[in-house]
Amino acid sequence: MITCRQLVECLCDYVDGELPCDRCDEVRAHLCECPSCHAHHATYVLVIRLTQLLPAAPMPPHLSARLQAALSREQRPPGEHIV
Ligand SMILES: [Zn+2]
């Protein structure tokens, strides 16, 4: 059986459905056996669901401008320079 530490390390991938099947079985087995990890998992899932219910806050204008500038730099073809 995986340890509590191993479970915590892969819990995010498990909840996102990105964990390999054999590893998921190990996580499920651990969650059935370990009350503290079971509670940790339940809390983790609850927090994710609650935060998904929150309305998205608008991005501050200065951050939006910096992001746009960074993205335009990123999308420029290699070798092209600002004159
Ligand atoms: Zn545990």
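Along the sequence shown, residues carry numbers from 1. Whatever order the structure lists them in is the order used to number ligands and atoms, beginning at 1.
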- Show the numbers, then the answer: is there a side chain to side chain contact (heavy atoms under 4.5 Å, CB included) between Tyr14 and Arg23? CA-CA 8 Å; Tyr14 174 73; Arg23 195 68 169 169; over 6 Å; no
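- Heavy atoms only, all atoms of each residue included: Gln6 and Thr3 are closest at OE1-N, 2.8 Å.
- Under the 4.5 Å side-chain heavy-atom criterion for Ile, Leu, Val, Met, Phe, Trp and Tyr, Val15 and Leu31 are members of the same hydrophobic cluster.
- The nearest N, O or S atom of His40 is not closer to the Zn ion (ligand 1) than 2.8 Å.
- Taking backbone and side chain together, Cys37 holds an N, O or S atom under 2.8 Å from the Zn ion (ligand 1).
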- Message: Under the criterion side chain to side chain contact (heavy atoms under 4.5 Å, CB included), I'd like the reasoning laid out for Arg49 against Leu53: C-alpha separation, chi angles, the key distance, then a yes or no.
- Response: CA-CA 7 Å; Arg49 288 197 183 137; Leu53 293 176; 5.8 Å; no
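- With the Zn ion (ligand 1) at the apex, Cys4 SG and Cys34 SG define an angle of roughly 110° (rounded to 10 degrees).
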